[in-house]
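Working notes for the structure below.
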Amino acid sequence: MPEGPEIRRAADSLEKAIQGKPLTEAWFAFEHLKPWEAELAGQHVDRIETRGKALLTHFSGGMTLYSHNQLYGVWRVVKAGQEPQTNRILRVKLAAADKAILLYSASDIEMLTPEQLTVHPFLQRVGPDVLDPSLDVETVRERLISPRFRRRQFSGLLLDQAFLAGLGNYLRIEILWATELAPTHRAADLSETQLDALAAALLDVPRLSYRTRGKVNEKRHHGALFRFNVFHRAGKACSRCGGTIEKTTLSSRPFYWCPGCQK
């Protein structure tokens, strides 16, 4: 299941294909969106924003296309005039003179005004996105110790998009390993030093994964963590303490950790 870094990289590829180019065609499969086909022709995509697993495609005319891939949705970049052979069902096409971006199989798709964006149920429910450059460590720390989140175990909290959008299972695992915390810990249990370390890791680990595509060059990223220190490494030695990495299931997801240093 893709997490925030993978979603953001997908958005980057969509932006590279179509951002700033006049649209030669906008096509929607759903009848309630059909009136926007003529309206969007000639406009351009200003930017594509990610909020967890939702994409917000902002158009020059002021409207925003909201789409959530859920389990089966996927975007593709193709040459203009081409459509790949696939069993997936096309839902959205936005085409410029040279490239087109296609959304398949998704069903949660809406066109929203700026006012509707501020009251959209999903967007109101999710927390700040970990890849939003304006999100800082101090804000994350405040969320950790807030009455809403401070007494929740990290095993569930770090999967809850209402806490921070864009986190997922492999990030949950690697963040807790990086900070030497157990999944049963809560923010209310931590020292000030531990809180500071966790707040920093909640941003640093996903942002490193995004920048490096999960491959870290030790010389280029001095002191940086490898993406998978424990994820999918059950039975192998922990690179920090030499203990044996174990696997269990937490919050209905596979969980990996080192009992030797995540006490």
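Computed from a prediction, not measured in an experiment: that's the story for all the values here.
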Gap separating the CG atom of Asp160 from the CG atom of Leu167, nearest 0.5 angstrom:
10.0 Å

Out of the candidates Thr248, Val230, Thr249, only one should pair with Phe255 under the side chain to side chain contact (heavy atoms under 4.5 Å, CB included) rule; please name it.
Thr248

Please answer: with hydrophobic residues joined when any side-chain heavy atoms are less than 4.5 Å apart, are Leu157 and Leu195 in the same cluster?
yes

Donor-acceptor pair, distance only, cut-off 3.5 Å: does the side chain of Arg143 make one with the backbone of Phe149?
no

Would Arg240 and Trp177 count as a cation-pi pair here, with the cationic atom under 6.0 angstrom from the ring centre and within 45° of the axis?
yes

Charged N to carboxylate O below 4.0 Å: is that the case for Asp98 and Lys79?
no

Is Val74 reachable from Leu65 through a run of I, L, V, M, F, W or Y residues, each pair having side-chain heavy atoms under 4.5 Å apart?
no

So, the side chain of Gln43 versus the backbone of Glu39: is there a donor-acceptor pair under 3.5 Å, distance only?
yes

Does a salt bridge link Arg8 with Glu6, judged by any charged N lying under 4.0 Å from a carboxylate O?
no

To the nearest 0.5 Å, tell me how far Leu112 CG sits from His58 NE2.
10.0 Å

Does any N or O in the side chain of Glu15 come within less than 3.5 Å of the main-chain N or O of Ile48, such that one atom is a donor and the other an acceptor?
yes

Locate the shortest heavy-atom distance separating Thr86 from Arg88; write the atom from each residue and the value.
OG1-N, 3.0 Å

Using 0.5 Å steps for rounding, measure from the CZ atom of Arg152 to the CG atom of Leu158.
9.5 Å

Test salt bridge (Lys or Arg N to Asp or Glu O under 4.0 Å) on Glu83 and Lys93; report intermediate values, then the result.
CA-CA 10 Å; Glu83 290 187 17; Lys93 178 198 293 187; 3.0 Å; yes

His185 and Phe154 aromatic ring geometry - parallel, tilted or perpendicular at 30°/60° bounds:
tilted

Determine yes or no for a side-chain-to-main-chain donor-acceptor pair under 3.5 angstrom, with Asp189 supplying the side chain and Arg186 the backbone.
yes

Measure the NE2-CD1 distance between His32 and Ile109 for me, rounded to the nearest 0.5 Å.
7.5 Å

Geometric class of the Tyr66/His120 ring pair [parallel <30°, tilted 30-60°, perpendicular >60°]
tilted

In terms of heavy-atom contacts, Asp46 and Gln19 come closest through O-NE2, 2.6 Å

In terms of the angle between their ring planes, are Tyr170 and Phe231 parallel, tilted or perpendicular, with boundaries placed at 30° and 60°?
tilted

Set out, in order, the CA-CA distance, both residues' side-chain angles and the distance that settles side chain to side chain contact (heavy atoms under 4.5 Å, CB included) for Asp129 and Leu135, then state yes or no.
CA-CA 8 Å; Asp129 194 289; Leu135 181 62; over 6 Å; no

Distance col, row Lys21:NZ vs Lys99:NZ, nearest 0.5 angstrom, shows 7.0 Å

Inspect the contact between Glu31 and Lys34 and indicate whether a charged nitrogen and a carboxylate oxygen are less than 4.0 angstrom apart.
no

Can you see whether Asp196 engages Thr193 through a side-chain donor-acceptor pair at a distance of less than 3.5 angstrom?
no

Between Arg9 and Asp12, does the salt bridge (Lys or Arg N to Asp or Glu O under 4.0 Å) criterion hold? Intermediate values first, please.
CA-CA 5 Å; Arg9 286 198 294 269; Asp12 290 346; over 6 Å; no

In Å, rounded to the nearest 0.5 Å, how long is the span from CG of Asn169 to OH of Tyr256?
8.5 Å

Is it true that Phe122 and Ile7 fall in one hydrophobic cluster, defined by side-chain heavy atoms closer than 4.5 Å?
no

Taking Leu94's backbone N and O only, do any of them form a donor-acceptor pair with Glu25's side chain (distance below 3.5 Å, no angle check)?
no

Tell me whether Arg172 is salt-bridged to Glu3, with the criterion being a basic N under 4.0 Å from an acidic carboxylate O.
no

